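Contents: one structure, followed by commentary.
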There are 2 protein chains.
Amino acid sequence: MPDPTGKLGHDSGHAEEASFLQAYRSQEYPKPSVTVDLVIFTVIDSDLKVLLIKRGGHPYKDCWAVPGGFVKVGDGYDDQGESLEEAAERELVEETGIEVTKHEVYLEQLYTFGKPGRDPRMRVISVAYYALVRPGLAHVVQAGTDASEAEWVSVNEMGENLAFDHDNVVGTAIQRIRGKLDYSPIGFQLVPKTFTVAELRAVYEAVQGRNYDPGNFRRRFKRMQTDGIIEPAPGKRQTLTKPAKVYRFVMGGRFPGSSA
Amino acid sequence: MPDPTGKLGHDSGHAEEASFLQAYRSQEYPKPSVTVDLVIFTVIDSDLKVLLIKRGGHPYKDCWAVPGGFVKVGDGYDDQGESLEEAAERELVEETGIEVTKHEVYLEQLYTFGKPGRDPRMRVISVAYYALVRPGLAHVVQAGTDASEAEWVSVNEMGENLAFDHDNVVGTAIQRIRGKLDYSPIGFQLVPKTFTVAELRAVYEAVQGRNYDPGNFRRRFKRMQTDGIIEPAPGKRQTLTKPAKVYRFVMGGRFPGSSA
DNA sequence: TCAAAAGTGTTGTTCATACACCCATGG
DNA sequence: CCATGGGTGTATGAACAACACTTTTGA
């Protein structure tokens with residue numbers, strides 16, 4: 001939208017017209033490469049994990065990094081390529097074999113990282129997304145990856161040695177989901193489609209990195225139920241001791257305070 | 001970060017790496033244009049306003065749009081150009097004459113819009129920022145704009161007829177500040193450096209589009225004071241009737257719940 | 001003196017936290 | 001029977017909302 005012509009607009013014969021033409025002939029200006037990076041979360045064994053990929057080539061060879069790829073840009077007027085969201089979904093399928101619509105994966109734009117020098121080869125601007133994958137789907141990962149090593153890494157065991165500025169990217173993503181957990185329904189995206197109170201609580205504890213009082217959490221859970229956010233589901237869950245009721249997330253029910 | 005070489009990346013020797021990079025630099029893939037758009041807010045007459053610019057050229061000639069410009073990308077290894085943040089700051093100065101550091105303007109990345117076709121001329125990916133400008137500085141705008149019309153437009157009087165997808169951009173920005181107002185100190189960025197309780201309340205009302213109970217808001221105000229977020233400032237503010245005490249924002253005091 | 005805005009008090013509701021407690025089941 | 005975890009009750013305090021109320025000023 002910002003447009004080159006807009007400000008200088010009146011195409012009279014000013015010195016500004018030069019830059020007008022330059023801007024319009026898009027090839028004159030150098031353009032950055034634009035990629036989409038994906039921070040993919042899941043919860044395994046009550047532990048928040050991120051999908052990392054071991055880099056096979058330079059730079060940062062043998063370092064762990066977050067999966068990502070170039071945004072497909074068309075080459076003309078007719079074809080302007082894919083959207084950022086589509087690029088992110090495509091990347092998710094390529095890396096994990098998981099399809100967003102089919103598996104009801106939550107995918108949201110996180111932040112755009114564009115500091116010069118973050119990729120030593122060239123100017124790269126990277127639009128980061130984060131995805132929340134249900135535990136049951138986590139296994140699919142092995143199949144989707146081509147040759148490169150992929151692994152679920154606990155956010156607690158993760159050092160500060162990721163490739164590029166991916167430490168920052170992952171850190172930002174963690175902050176985001178921690179912040180959103182309390183006032184948006186993202187917690188349900190990290191739990192099986194039917195779940196018990198304790199399972200949801202485990203997710204909350206994994207994300208926030210602290211313990212919740214079981215009784216208080218149950219009350220909070222009940223409030224969500226009366227608000228129509230969750231509802232009982234048929235069946236029970238077998239635990240170590242007493243079997244527990246299972247619930248499911250109600251897609252239509254609006255979360256309190258989530259007008260957006 | 002996603003990298004081209006990463007996935008394919010079986011490049012063996014270091015010697016090869018240089019030439020590999022050179023080879024890669026040749027633009028095999030088409031790249032998008034990347035711009036920075038700016039949603040600049042201020043509060044005038046207890047009304048939330050956005051700075052819009054009338055477009056002089058096509059497309060969307062004579063439509064109102066949000067200011068924006070291209071991100072400067074270097075053309076080589078040494079120079080990779082300016083960061084997104086720098087581009088946003090530069091754009092702010094160019095359009096309004098306001099300097100971020102000097103005038104303590106709040107500037108934050110909002111969202112990245114990249115749908116194909118949003119600019120009919122070419123593929124444009126636009127990283128949007130929003131800025132919060134104190135009322136006293138709003139006048140500077142007239143000076144900074146070159147030829148093109150610029151105007152503070154009330155968000156309430158704004159239709160759905162902005163250029164490109166700028167309706168969406170502005171709408172997203174409004175949502176953002178509405179959401180952040182309650183749990184972050186952004187409200188102080190829309191008020192003079194010293195302010196009264198009523199002035200801050202007016203800002204809150206302008207942003208949220210609803211009225212706050214003066215008594216209750218005062219209590220909330222006091223709580224911020226005991227929390228060390230704001231402190232009394234010397235002087236008084238002359239109002240229509242009874243003069244009011246003025247306060248100032250304490251830069252160091254951390255906002256409750258704003259760990260990030 | 002009167003309107004308007006500054007400033008205070010009171011009450012009720014909701015929600016988070018802490019913590020004590022009962023109940024059912026598998027070992 | 002007994003430990004574990006499912007499930008319930010109660011008390012406290014913080015914060016918000018609604019609303020009545022007093023005080024201070026300029027016109």
Side-chain angles (χ1 to χ4, degrees), chain A residues 45-46 178-185 187 191-192 194-233 235-247 255-259, chain B residues 45-46 178-179 181-185 187 191 194-230 232-233 235-247 254-259:
Chain A
D45 297 336
S46 300
R178 283 198 180 145
K180 287 197 77 165
L181 191 64
D182 289 326
Y183 63 92
S184 85
V191 112
T194 68
F195 51 89
T196 67
V197 181
E199 283 169 348
L200 187 66
R201 178 162 53 89
V203 164
Y204 273 60
E205 290 177 343
V207 170
Q208 300 290 19
R210 70 181 184 93
N211 291 333
Y212 285 80
D213 182 281
N216 294 334
F217 192 87
R218 173 172 300 279
R219 240 183 303 278
R220 192 171 165 179
F221 194 95
K222 271 189 178 168
R223 228 175 290 131
M224 297 189 209
Q225 198 180 336
T226 62
D227 290 351
I229 296 160
I230 53 187
E231 64 183 10
K236 296 178 184 178
R237 181 70 35 99
Q238 204 63 7
T239 70
L240 291 173
T241 62
K242 182 182 183 178
K245 288 176 195 159
V246 292
Y247 300 83
F255 215 81
S258 84
S259 55
Chain B
D45 297 335
S46 301
R178 282 197 180 145
L181 191 64
D182 289 327
Y183 63 92
S184 84
V191 111
T194 67
F195 52 90
T196 67
V197 180
E199 283 170 348
L200 188 66
R201 177 162 53 90
V203 164
Y204 273 60
E205 290 177 344
V207 170
Q208 301 291 19
R210 70 181 185 92
N211 290 335
Y212 285 80
D213 182 280
N216 294 333
F217 191 86
R218 172 172 301 278
R219 242 182 301 276
R220 191 170 165 180
F221 195 95
K222 273 188 180 169
R223 228 174 291 132
M224 296 188 209
Q225 199 179 336
T226 62
D227 289 352
I229 296 160
I230 52 186
K236 296 177 183 176
R237 181 68 35 98
Q238 204 63 7
T239 70
L240 290 171
T241 61
K242 181 181 182 177
K245 287 177 197 160
V246 292
Y247 300 82
R254 64 185 45 136
F255 216 81
S258 85
S259 56

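Keep in mind it's a predicted model, so treat the numbers as computed, not measured. Numbered from 1 within each chain, the chains take letters A, B, ... in sequence-line order. The figures here come from the full heavy-atom set of this structure, side chains too, leaving out hydrogens, waters and symmetry mates.
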Residue pair B/Thr194 / B/Arg237, side-chain heavy-atom distance below 4.5 Å: yes
Minimum heavy-atom distance B/Lys236-B/Val246, with the two atoms named: C-CG1, 4.0 Å
Rounded distance in Å - OH (A/Tyr247) to P (D/dG6): 12 Å
Whether A/Tyr212 and A/Tyr204 hold their rings parallel, tilted or perpendicular, with breakpoints at 30° and 60°: perpendicular
Under-4.0 Å side-chain N/O to phosphate OP1/OP2 contact, B/Arg237 with C/dA6: no
Euclidean distance, atom CG of residue A/Asp227 to atom C1' of C/dC15 [Å, nearest integer]: 12 Å
B/Glu199 CD - C/dA5 P separation (whole Å): 14 Å
Heavy-atom side-chain contact between B/Arg201 and B/Pro214 under 4.5 Å: yes
Rounded distance in Å - OH (B/Tyr212) to P (D/dA15): 16 Å
Whole-Å gap separating C1' (C/dT17) and CD (A/Glu205): 15 Å
Rounded distance (Å) that lies between atom C1' of C/dG7 and atom CZ of B/Arg223: 16 Å
Sugar-phosphate only, base, or nothing, as touched by B/Lys222 at under 4.0 Å among non-hydrogen atoms: sugar-phosphate
Annotated protein contacts, base or backbone, on nucleotides 18-27 of chain C with a non-hydrogen cut-off under 4.0 Å, one of B, S, - each: BB---BSSS-
Rounded distance in Å - CG (B/Asn211) to C1' (C/dA5): 15 Å
Between C/dG7 (P) and B/Arg201 (CZ): distance, integer Å: 11 Å
Among A/Val191, A/Val197, A/Thr196, side chain to side chain contact (heavy atoms under 4.5 Å, CB included) partner for A/Tyr247: A/Val197
Pairs satisfying salt bridge (Lys or Arg N to Asp or Glu O under 4.0 Å), at least one member in residues 210-223 of chain A, at least two apart: A/Asp182-A/Arg220
